[in-house]
2 protein chains.
Amino acid sequence: MVVADFNQIRRSEHLPTRIAAQIGREILEGRIAAGEKLPTEHLLAKTFGVSRSVVREAIAQLRNEGLVETRQGVGAFATEFERRQSLRIEHGDPTDRIAFHNLYQLRIPLEIEAAGLAAVHRTSEDLARLDEALEQMTGAEKWTEQGIVADLAFHRALATATQNEYFPLFTGFIAERISLAIQTARANAVLEEIVEVTIAEHVVIRDAVVSGDPVEARSAMRSHLTQAASRLDLTLETFRDEK
Amino acid sequence: MVVADFNQIRRSEHLPTRIAAQIGREILEGRIAAGEKLPTEHLLAKTFGVSRSVVREAIAQLRNEGLVETRQGVGAFATEFERRQSLRIEHGDPTDRIAFHNLYQLRIPLEIEAAGLAAVHRTSEDLARLDEALEQMTGAEKWTEQGIVADLAFHRALATATQNEYFPLFTGFIAERISLAIQTARANAVLEEIVEVTIAEHVVIRDAVVSGDPVEARSAMRSHLTQAASRLDLTLETFRDEK
DNA sequence: CATATAAAGTTATCAGACAACCTTACAAGG
DNA sequence: CCTTGTAAGGTTGTCTGATAACTTTATATG
């Protein structure tokens, strides 16, 4: 399919989404103050020139994002600042250096804790998954796609081994973001050269988990993350609590 | 349409949200495979015993959360694993003891890290917010609603002080869940008696943040969390990394 | 003055229709 | 055999109008 570029035909995308975006902008930029009541659905429908269904769907979307709250028989209100708690994270620019740094900063304590908990709670199935990921890592000729997948699998297996469902949820989300950013940054070239080192670090973590030593597992994970960070030219504060 | 049919969904709270939750569960638990097509809106409406509008809103919600994708004229599909980008967490049973424990377990490393980072990066505005929360905490006669709000505000201010947008996002989300669970558990009676102790713990954290000592801030937060956990009859493993 | 009741306004839900879009099948023509 | 046109059917997107549920406010009633 190598044809002329007809993609220019901007098919108007999802009406409710566009309207939700517009109303959301009004709120975020303060033209609709926090706590203030939005116009009624009827009025919004008329001003936007669409049906009430579309407006309703738009409002539902905003409510889902935590930007508005609706009360039947009363109206829709812009959510107060303090209560805006949506865990929705926009797919921002993957090359955003600061966002990347912040994500990594968040990841570190979670992964370290996960390593410690995994060392205590891991089952034999967990250990099998860890070894499987390590094998795939070793099998990968270079640090290509497969290596990245294996890396994700390793950390996911570790998070699962905590026996705490929230760890795979959170760390998986973060790790995926990070690895995506790395991929788009084309840092692969750099990584290819140090596969052996990376694998060695993972093996240390695995051994600690196997032997059931949480302190050692945490230490191994900490050093893995800091070294990986330095390979990515990240500068991070890391604290080690004495005694 | 005259007869009662109690097999259908009870109308206690927002219908679309509940249906979205149910369909979402079907997807997350694999009963609807990734990439598979969902039943048509008409069919879903009939099986749930609601109108198509409600089903549409439910699907819109799921689409918002990145769990389904819709294509006009074709259908709605469960999104492939790789493309799922949002963190979806069920509003589970607040009294679920295990979920509560797991949430707390996740919270600990995050809050500790946040305390350390806050000690390094806090601005004067951050410190003002911390003190404001502390004042409200002190002002509260008993550990009532107001005290809980102040507690949340304190931890939110601390997370904001990290200058890392992800910390308030994640910790705020978790903390709110936890406090909700506590409220519903009617543990207020217990808490009322130890307000002074709780406030004192917060003051120690604040002082460490003010003096810019990350290690001390972490230590203070750690002890606050572990003691709060013991007041809630939670047993947690905590690891302190030696040197 | 307190309480009950009515009225009006708003969101929630329902029902049915048409529009826009996609897929498929099949016929027509090369 | 292959390509193209056409029709049909199914699905989501949008519209319209109505009813139910809920809240607030005003009014009447004792």
Q) Should the ring pair Y166(B) and F170(B) be called parallel, tilted or perpendicular, given that the plane angle runs from 0 to 90° and is split at 30 and 60? A)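 Plane angle over 60°, so perpendicular.
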
Checking the side chain of [X] only, and the main-chain atoms of [Y] only, is there a donor and an acceptor separated by less than 3.5 Å?
| X | Y | result |
| --- | --- | --- |
| E36(B) | A33(B) | yes |
| N164(B) | N102(A) | yes |
| E113(A) | E111(A) | no |

Q.
With hydrogens left out and only the distance checked, is there a donor-acceptor pair under 3.5 Å joining Q72(A)'s side chain and the base of dA21(D)?
A.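 By the distance-only test, yes, there is a pair.
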
Would you say a side-chain N or O of [X] is under 4.0 Å from OP1 or OP2 of [N]?
| X | N | value |
| --- | --- | --- |
| R63(A) | dA12(C) | yes |
| R71(B) | dT23(C) | yes |
| T40(A) | dG9(C) | no |

Please state how far atom [atom1] in [X] lies from atom [atom2] in [N], giving the value in whole angstrom units.
| X | N | atom1 | atom2 | value |
| --- | --- | --- | --- | --- |
| E69(B) | dG13(D) | CD | P | 12 Å |
| F77(A) | dT11(C) | CZ | C1' | 11 Å |
| L38(B) | dT11(D) | CG | P | 13 Å |
| I19(B) | dT13(C) | CD1 | C1' | 11 Å |
| Q61(A) | dG13(D) | CD | P | 12 Å |
| L43(B) | dT12(D) | CG | C1' | 15 Å |
| K46(B) | dC14(C) | NZ | P | 15 Å |
| R56(A) | dA20(D) | CZ | P | 17 Å |

Q. Ion pair present between R63(A) and E69(A), side-chain N to carboxylate O less than 4.0 angstrom?
A.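 Between E69(A) and R63(A) there is no salt bridge, as every charged N stays at least 4.0 Å from the carboxylate O atoms.
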
Would you list the protein and nucleotides 15-19 of chain D atom pairs, both N or O, that sit under 3.5 Å from each other?
residue, atom, partner, partner atom, Å
dC15(D), OP2, S51(A), N, 2.8
dC15(D), OP2, S51(A), OG, 3.0
dA18(D), N6, R52(A), NH1, 3.4

Q: Would you indicate which nucleotide in dT11(C), dT14(D), dT11(D) comes nearest to any side-chain atom of E41(A)?
A: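 Between dT11(C), dT14(D), dT11(D), the one nearest the side chain of E41(A) would be dT11(C).
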
Q) Of the nucleotides dT14(D), dT12(D), dT23(D), which one has an atom closest to the side chain of T70(B)? A)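 So the nucleotide nearest the side chain must be dT12(D).
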
Q: Look at atom NZ of K46(A) and say whether more than 12 heavy atoms of other residues, nucleotides or ligands are closer to it than 6.0 Å.
A: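 Counting neighbours around NZ of K46(A), 12 or fewer heavy atoms of other residues, nucleotides or ligands fall under 6.0 Å, so no.
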
Q. Which atom pair, heavy atoms only, marks the closest approach of I19(B) to A58(B)?
A.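 Between these two residues, the closest heavy atoms are CG2-CB, 3.9 Å.
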
